[in-house]
Enquirer: 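After the structure tokens below, expect a handful of questions from me.
Order of the sequence lines sets the chain letters (A, B, ...), proteins ahead of strands, with each chain counted from 1. None of the values given here were measured: they were computed from a predicted structure.
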There are 2 protein chains.
Amino acid sequence: MKSNVTMKDIADQLGVSSVTVSKALNDKEGVSVELKAKIKQVAEGMGYRYNTLAKQMKEGLTYNVGVIIPERFTGLTQTQSFYLNMYQSIAKELEKSGYYGILHILNRADEDKLNLPRIYNEKRVDAFIFLGQINKTYIEKLQDVEIPKIFLDFYDEQADIDAVITDNFYGAYEMTNYLIKHGHREIGFVGNLYSTSSIQDRFLGFYKSLLEHKIELNYAYVIKDRNEHGAFIDLELPDKLPSAFVCNCDQVAHHLVNKLKVLGYRIPEDCSIVGFDNDIYATITEPSLTTIEVNIQEMAKQTTKSIVEKIQNNNQSFGRISVKGKLIYRNSVTKVAER
Amino acid sequence: MKSNVTMKDIADQLGVSSVTVSKALNDKEGVSVELKAKIKQVAEGMGYRYNTLAKQMKEGLTYNVGVIIPERFTGLTQTQSFYLNMYQSIAKELEKSGYYGILHILNRADEDKLNLPRIYNEKRVDAFIFLGQINKTYIEKLQDVEIPKIFLDFYDEQADIDAVITDNFYGAYEMTNYLIKHGHREIGFVGNLYSTSSIQDRFLGFYKSLLEHKIELNYAYVIKDRNEHGAFIDLELPDKLPSAFVCNCDQVAHHLVNKLKVLGYRIPEDCSIVGFDNDIYATITEPSLTTIEVNIQEMAKQTTKSIVEKIQNNNQSFGRISVKGKLIYRNSVTKVAER
DNA sequence: CTGAAAGCGCTTACAG
DNA sequence: CTGAAAGCGCTTACAG
């Protein structure tokens with residue numbers, strides 16, 4: 001069980017050349033069936049482990065993909081398991097294709113100073129997946145990056161970079177339709193419209209539903225949930241509450257429900273509330289939240305498929321892929337009360 | 001900005017040798033200050049990126065560490081962000097030392113069939129961190145693995161493999177002391193004693209506290225929380241409730257609180273309950289849970305430091321490192337009621 | 001201070 | 001079917 005057994009060692013053992021050993025172990029043409037079997041058997045016996053580095057060097061490919069998550073989405077504060085779950089799914093999918101995902105947390109300083117990850121400068125990865133919205137200026141800086149890259153869970157219209165996103169627009173649209181079907185006409189939205197493209201699109205889907213139903217958008221009902229750094233802020237409620245709120249995510253819906261309960265409102269009797277994401281906050285909220293489930297696995301699958309294709313086919317562009325979510329019906333919505 | 005600029009290209013550009021370029025870029029001795037500056041400048045100008053593969057191959061080291069998490073700890077079911085958080089901390093720490101963490105989810109089939117991860121057979125990693133308890137037989141199989149390895153968050157007495165764990169024993173001991181100080185004499189424990197070493201140690205810390213206070217252990221108060229596959233089961237409560245329960249983790253404490261509330265008990269007035277981990281379940285439970293905070297960052301730091309040392313110093317052994325947790329006081333404990 | 005030579009462990013043409 | 005030669009992009013002695 002020596003650790004540094006090479007093909008040459010196996011070759012010497014059998015009195016053949018290392019070329020033949022290479023062919024045999026890789027199941028390539030040009031080795032007799034018997035010799036191939038013999039070689040494999042000896043390799044096994046000698047405890048041979050294939051040295052990927054040599055192949056990588058020959059090809060100039062690492063078979064690693066960098067997955068970059070901005071630090072602000074990863075705080076050790078309980079939340080955001082969404083991104084880690086996504087990373088996990090990606091790691092699994094990549095492995096199926098013979099690739100490996102290297103996680104890099106992009107800290108705020110590097111993001112501000114436009115420092116590219118070291119894994120890039122050391123040629124440790126063949127491509128990048130950016131998971132979670134990054135700064136505008138950093139996105140511009142990415143023009144310099146000469147390997148394939150994909151945005152995941154956000155996109156940028158300026159930069160011509162392929163993206164895989166959840167169908168935020170349609171999800172919020174469907175959700176709002178659902179509320180309207182329940183008689184709601186005064187519906188608020190909770191989220192900072194200038195924070196991320198996801199929130200923006202969810203807002204626009206919400207707005208589209210209002211437009212279709214000829215319901216006027218009341219900006220007094222649009223409530224900011226976070227500051228420009230993405231940190232949650234205290235929710236400022238309007239004097240008069242709408243009969244329902246569409247929240248841009250479950251966590252904020254959770255905050256809102258708790259805040260309203262403290263103020264003496266009953267949910268959903270006095271106010272219906274819906275979330276987005278179907279993360280842990282959807283089920284721990286009392287009442288449990290009607291929400292949109294993001295299809296993490298499908299998103300990971302699409303992302304992996306696309307990035308592998310880009311690596312193998314000359315970085316071809318595919319544009320933007322929207323992965324549909326699914327409406328999950330729970331207990332935070334009721335028919336609008338007669339007033 | 002050609003992508004495949006090599007040291008040779010830089011050398012040719014300047015009419016020097018690639019050896020000199022190598023020395024200059026690595027800040028080694030033997031290049032004049034002016035030439036070094038010149039070389040660095042030209043490298044920058046040509047968009048040179050260092051090719052780590054060549055160095056890796058020369059050294060026979062990848063500077064990658066495999067982090068293995070058994071699948072059962074990662075289910076996409078909301079929970080277990082603990083392990084992913086730990087992985088994230090490890091990835092960060094490794095990067096500080098010039099290493100990168102490759103996540104591999106060990107699925108049940110591979111675990112049962114004793115298949116070693118492909119990253120091992122392809123020599124893609126220099127060492128392994130096993131995060132979360134694995135099968136006994138798989139642990140035995142690890143004897144064959146000829147690179148450094150560490151167990152994280154569990155250990156095995158048979159296998160002589162170094163481990164970093166949270167101080168389960170002392171944490172539960174302290175917690176139980178705390179309950180006893182509040183007048184509790186009838187205290188239950190919730191957890192399957194045969195499931196993991198963590199649960200066992202927490203139980204034993206709990207038991208030590210009872211012994212020290214001359215309180216008899218009542219097995220009717222020891223409640224199983226999961227089956228042998230680690231899946232949670234329905235909690236079977238004793239006919240007469242103790243005045244307090246030490247739960248082996250926050251999630252189970254959360255279940256227990258909810259179950260007792262449904263049965264009409266008030267927490268903590270009728271029964272005090274404490275958890276372990278200080279994960280999201282500790283704060284979402286109503287009342288919030290008094291618990292032990294596991295120091296994820298410190299554990300990640302110790303693990304990384306140890307594994308890097310093992311890689312660099314001939315796999316030297318360091319035994320077992322216990323990282324102390326911290327008692328977090330919340331609202332799920334009260335003085336025992338007079339009966 | 002500078003560089004020619006050899007080598008890390010494979011694979012890819014190409015020749016026999 | 002089998003193998004000698006060259007090369008992937010560096011670094012490490014060693015010589016000048």
Enquirer: Between P on C:dG9 and NZ on B:K55, what's the gap in Å once rounded to a whole number?
Expert: 17 Å
Enquirer: Quick check for you: among C:dC10, C:dC1, D:dT11, whose closest atom lies nearest to any side-chain atom of B:N26?
Expert: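 The answer is D:dT11, which lies nearest to the side chain.
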Enquirer: Consider the side chain of B:V19, meaning its heavy atoms from C-beta on, and name the nucleotide among C:dC10, D:dG9, C:dA5 that approaches it most closely.
Expert: C:dA5
Enquirer: With distance as the sole criterion, do the side chain of B:K23 and the base of C:dG3 form a donor-acceptor contact below 3.5 Å?
Expert: yes
Enquirer: When rounded to the nearest 0.5 angstrom, what distance separates CD in A:Q143 from CG in A:D160?
Expert: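 Here the rounded value is 8.5 Å.
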Enquirer: Measuring from the side chain of B:T20 (C-beta onward, heavy atoms only), which nucleotide among C:dT2, C:dT11, D:dG3 has the closest atom?
Expert: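 Among C:dT2, C:dT11, D:dG3, the one nearest the side chain of B:T20 is C:dT2.
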Enquirer: State which residue, out of B:R320, B:K305, B:K310, fulfils the salt bridge (charged side-chain N to carboxylate O under 4.0 Å, His left out) condition with B:D162.
Expert: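 Checked B:R320, B:K305, B:K310 against B:D162; only one passes salt bridge (charged side-chain N to carboxylate O under 4.0 Å, His left out): B:K310.
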Enquirer: Among D:dC10, C:dG9, D:dT12, which is the nearest nucleotide to the side chain of B:M7?
Expert: D:dC10
Enquirer: Can you measure A:Y63 atom OH to C:dT11 atom C1' for me and round it to whole angstrom units?
Expert: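 Taking OH of A:Y63 and C1' of C:dT11, I get 12 Å after rounding.
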Enquirer: Determine whether A:I139 and A:Q158 make a side-chain contact, defined as any pair of heavy atoms from C-beta on separated by less than 4.5 Å.
Expert: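 The answer is no, as the side chains (C-beta and beyond) never meet within the 4.5 Å cut-off.
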Enquirer: Within the structure, does a side-chain N or O atom of B:Y48 lie under 4.0 Å from either OP1 or OP2 of D:dG9?
Expert: no
Enquirer: Let me know, please, whether B:M57 or B:L35 comes out on the 5' side of the other along DNA chain C by nearest nucleotide.
Expert: B:L35
Enquirer: Starting at CD of B:Q56 and ending at P of C:dC10, how long is that distance when rounded to a whole Å?
Expert: 15 Å
Enquirer: For A:G30, which contact category applies under a 4.0 Å heavy-atom criterion: base, sugar-phosphate, or nothing?
Expert: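 Contact class for A:G30: base.
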Enquirer: From CG of A:L25 over to P of D:dT2, roughly how many Å is that when rounded to an integer?
Expert: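 It works out to 14 Å between those atoms.
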Enquirer: Can you find a pair of side-chain heavy atoms, one from B:D153 and one from B:V294, that are under 4.5 Å apart?
Expert: no
Enquirer: To the nearest Å, how far apart are B:N51 CG and C:dC8 P?
Expert: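 The distance from CG of B:N51 to P of C:dC8 comes to 18 Å, rounded to the nearest Å.
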Enquirer: Could you please name the partner base of C:dA13, counting Watson-Crick and G-U wobble pairs only when both distances are under 3.5 Å?
Expert: none
Enquirer: So if I take every side-chain heavy atom of B:V16 and compare against D:dT2, C:dC10, C:dG3, which nucleotide ends up nearest?
Expert: C:dG3
Enquirer: Tell me: NZ of A:K38 to C1' of D:dC1, nearest whole Å?
Expert: 18 Å
Enquirer: Do any N or O atoms from the side chain of A:D156 and from the backbone of A:A159 form a donor-acceptor pair under 3.5 angstrom?
Expert: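 Yes: the side chain of A:D156 pairs with the backbone of A:A159.
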Enquirer: Any side-chain N or O of B:S32 less than 4.0 Å from the OP1 or OP2 oxygen of C:dT2?
Expert: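 So the side-chain polar atoms of B:S32 do come within 4.0 Å of the phosphate oxygens OP1 or OP2 of C:dT2, strictly under.
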Enquirer: Check the distance between D:dG3's P and A:I10's CD1 and give it to me in whole angstrom.
Expert: 14 Å
Enquirer: With respect to the side chain of B:S17, which nucleotide from D:dT11, C:dC10, C:dA4 is positioned closest?
Expert: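 Comparing D:dT11, C:dC10, C:dA4 against the side chain of B:S17, the answer is C:dA4.
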Enquirer: Phosphate oxygens OP1/OP2 of D:dT12: is one of them under 4.0 Å from a side-chain N or O of B:K28?
Expert: yes
Enquirer: In whole angstrom, what separates A:I39's CD1 from D:dC1's P?
Expert: 13 Å
Enquirer: State the pairing partner of D:dA4; accept Watson-Crick or G-U wobble contacts with both distances under 3.5 Å, and report none otherwise.
Expert: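 Checking every strand shown, D:dA4 finds no partner, since no pair has both distances under 3.5 Å.
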Enquirer: Go through the side-chain N and O atoms of B:Y50 and A:R118 and say whether any donor and acceptor fall under 3.5 Å apart.
Expert: no
Enquirer: Nearest of C:dG7, C:dC10, C:dG9 to any side-chain atom of B:K58?
Expert: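 Nearest listed nucleotide: C:dG7.
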